[in-house]
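All values below come from the heavy atoms of this structure, side chains included, with hydrogens, waters and symmetry mates left out. Below, read A as the first sequence line, B as the second, and so on, with proteins coming before strands; counting in each chain starts at 1.
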Amino acid sequence: MSKKIDENTVAHLAELARITLSDKERKEFAKQLSSILEFFSQISELDTENVKPTYHVVELKNVFREDESREGLSQEAALRNAPQKEKGYFKSPKIVED
Amino acid sequence: MAADDGMQVIIGLEVHIQLNKLRTKLWCSCTSAYHGKEPNTVLCPVCLALPGTLPVLNKRAVEFAILLGLALKGDVQKETFFYRKNYYYPDMCKNFQISQYDKAGGVPICVGGELAFRAGKEARTVHFMRVHMEEDPGRLAYDGSITTSPVAYVDYNRHGMALLEAVTEPELRSPEEARAFLKKLRAIVEHLGIADLGLEGSMRCDANISYKGHARVEVKNISSMKEVEKALMFEMMRQKQKIKGGGEIVQETRHWDEVRRVTVSLRTKETEKDYRYFPEPDLVPVAIDKKMLDAARKAMPELPDARIQRIVKQYQIPEYDASVLCDSKAMADFYEATVKIFDDPKDVSNWLMGDVSRRLNEDLVEIEETKLTPKALAQMLRLIKDGTITGKIAKGLVKGMLSGAMPADLVKEHAVKRIDDAALLGNLAREVIVENPKVVAEVKEGKNPRTFEFLVGQVMKKTKGQADPELTREILKELL
């Protein structure tokens with residue numbers, strides 16, 4: 001069940017999270033993540049055939065809100081923490097390469 | 001519809017319906033009326049995913065989802081969950097979208113379902129894999145086209161609007177079919193009253209397109225029904241050319257660039273498992289009991305198919321007419337309102353499907369976007385019936401009526417009345433006979449009745465369409 005996490009997998013995960021890792025970190029995290037998975041794989045030794053999956057640890061259902069509107073934030077407040085903004089927009093780097 | 005070169009395209013659609021008839025967004029109490037507002041003015045800490053904020057589900061959004069599920073004959077689930085779809089893109093503040101999933105233990109609110117529609121003369125049924133709930137991302141704006149803009153501008157007003165995503169099986173076989181399918185789906189959504197689809201971005205699509213035996217390409221960012229056909233046609237052509245040139249189709253996600261009218265590769269290597277779906281810990285499960293289902297069934301309005309049958313029976317018009325009218329709820333409403341005050345149902349449908357629709361198509365607008373009223377149309381039909389104007393004159397009034405003018409005023413203003421002055425028409429008829437000796441000779445041979453109608457048309461032309469056609473025919477016959 002448990003699969004060793006190699007450095008390539010760590011590199012892929014880092015890319016998905018948009019973070020840069022050094023070679024040393026990749027090696028280190030590969031080892032750590034593998035041992036975490038190893039630890040969790042103990043769970044699969046249990047027979048869970050007749051156990052219903054848990055989707056939520058709280059035994060609550062149907063927590064709803066009525067469809068009634070309330071005032072939100074001003075544009076100034078919304079953009080206050082933005083590192084880059086222009087004409088009321090958040091500014092982001094371009095997404096599609098040519 | 002198989003292509004003539006034997007290559008069969010297979011299309012599946014993911015249709016996003018924005019529940020803008022809700023008063024608020026999906027997770028927070030921000031108003032849903034963000035259209036036309038300044039960027040980043042319709043949002044709150046929940047929309048911006050500020051630390052410590054939590055989503056709370058809009059009850060009415062669940063009710064709307066149940067309505068659509070039932071209308072599409074799907075299986076509304078007894079218990080449904082929200083899942084996190086993780087991806088990194090500026091249109092999402094949280095770096096994940098709260099959605100639903102049908103794998104890894106996930107249960108979307110509605111499974112299965114089908115939609116019967118007419119594509120040309122063919123009756124078709126397309127099946128759904130599921131209908132699920134999710135939140136709308138923010139809107140990205142560009143300097144010009146998405147591919148050439150140096151930056152993306154982000155507006156989070158749309159962020160957190162409630163969406164229903166209806167996912168079809170890959171059963172559509174042409175862009176025309178896709179359009180017909182969407183038209184029917186639109187009519188159903190409008191009748192349910194869960195979304196105003198006239199609003200920008202209220203019905204968006206992703207399309208999966210492939211040719212049999214080749215890889216599948218997903219095209220994202222198709223912003224409206226009108227764009228779907230164009231995007232599909234472009235992508236089909238691109239794939240076809242590649243296959244014919246001996247190339248291989250790469251399984252990938254492409255983006256429909258509306259400005260340049262091409263699909264462009266997003267160059268993402270992300271696969272489904274990279275979304276790392278897992279149950280959303282901030283939202284508890286939703287249990288849909290019999291009481292909620294019964295309430296939805298009770299609230300279910302008349303849907304297009306039932307309405308078509310009722311209109312056929314009630315007004316004795318052909319089924320074809322009724323189904324064309326019911327393509328749009330606004331059109332069907334307009335029809336019924338007009339028939340109520342002008343009691344010739346066939347006449348009303350002829351005009352709505354004929355000259356009114358033609359003008360709407362030319363101007364690329366829907367009837368509800370114009371100022372035409374049932375009262376104005378009824379008045380025009382009455383003016384024709386009592387002989388004040390000819391049908392030809394009436395055709396010329398439609399444009400003005402779409403801008404809000406009453407036909408009686410237009411007639412007065414432009415003095416466009418039916419001409420039934422026999423002396424005047426006689427003079428004009430004589431002119432026409434002198435001017436068209438060849439045609440007159442043919443008419444006298446009596447072989448082709450259309451030659452006679454040509455002469456009638458010439459008199460019409462001289463009177464700018466105002467001549468009484470019957471009287472003109474009589475006069476011409478007499479003179480010949």
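Interface remark: of the candidates B/P150, B/S32, B/C47, B/G106, B/P150 forms the most heavy-atom pairs closer than 4.5 Å to chain A. Ranking B/L22, B/N95, B/T31, B/V42 against chain A, the residue ahead of the rest is B/L22, based on heavy-atom pairs under 4.5 Å. No other option in B/D257, B/V46, B/V154 has as many heavy-atom pairs under 4.5 Å with chain A as B/V154. In terms of heavy-atom pairs under 4.5 angstrom with chain A, the leader among B/P45, B/G138, B/C30 is B/P45. Comparing B/P279, B/C28, B/A33, B/C44 by how many heavy-atom pairs each has under 4.5 Å with chain A, the most go to B/C28. Taking chain B as the reference chain and counting heavy-atom pairs below 4.5 Å, the highest number among A/A82, A/G88, A/P53 is found for A/G88.
Considering every non-hydrogen atom in both B/A287 and A/K61, the closest pair reads CB-CD, 3.8 Å. Annotation for A/N62 and B/V284: closest pair N-CG2, 3.9 Å, computed over non-hydrogen atoms. The two residues A/Y55 and B/G105 come nearest to each other via the heavy atoms OH-O, 2.6 Å.
For chain A, the nearby part of B/E79 is the side chain; its heavy atoms alone come within less than 4.5 Å. Contacts between B/Y153 and chain A at a heavy-atom distance below 4.5 Å involve backbone atoms as well as side-chain atoms. Heavy atoms of B/R254 lying under 4.5 Å from chain A are absent altogether. Looking at B/F278, there are no atoms closer than 4.5 Å to chain A (heavy atoms on both sides), in backbone or side chain. Looking at A/A17, the atoms closer than 4.5 Å to chain B (heavy atoms on both sides) all sit in the backbone: N, CA, C or O.
Near-neighbour residues of residues 69-78 of chain A relative to chain B, defined by a heavy atom under 4.5 Å from a heavy atom of that chain, comprise A/S69, A/R70, A/G72, A/L73, A/S74, A/Q75, A/A78.
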Would you check, one step at a time, whether the test side chain to side chain contact (heavy atoms under 4.5 Å, CB included) holds for A/H56 with B/F82?
CA-CA 10 Å; A/H56 209 282; B/F82 288 97; over 6 Å; no
Under the criterion side chain to side chain contact (heavy atoms under 4.5 Å, CB included), I'd like the reasoning laid out for A/F90 against B/L48: C-alpha separation, chi angles, the key distance, then a yes or no.
CA-CA 11 Å; A/F90 292 86; B/L48 286 173; 3.9 Å; yes
Show the numbers, then the answer: is there a side chain to side chain contact (heavy atoms under 4.5 Å, CB included) between B/T24 and A/R65?
CA-CA 10 Å; B/T24 65; A/R65 175 177 60 76; 3.1 Å; yes
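Distance check: B/R60 CZ to A/E68 CD gives 10.5 Å after rounding to the nearest 0.5 Å. Here the CG atom belonging to A/L60 is positioned 12.0 Å from the CG atom belonging to B/L283, to the nearest 0.5 angstrom. Residue A/L13 holds its CG atom at 7.0 Å from CZ of B/R276, rounded to the nearest 0.5 Å.
A 6.0 Å sphere centred on NZ of A/K85 holds more than 12 heavy atoms belonging to other residues, nucleotides or ligands. Within a 6.0 Å radius of NZ in A/K31, no more than 12 heavy atoms belonging to other residues, nucleotides or ligands are found. A/N81 CG: 12 or fewer foreign heavy atoms inside a 6.0 Å radius. Heavy atoms from other residues, nucleotides or ligands lying under 6.0 Å from CD of B/E38 number 12 at most.
Here the side chains of B/Y88 and A/E15 are not in contact, with every heavy-atom distance at 4.5 Å or above.
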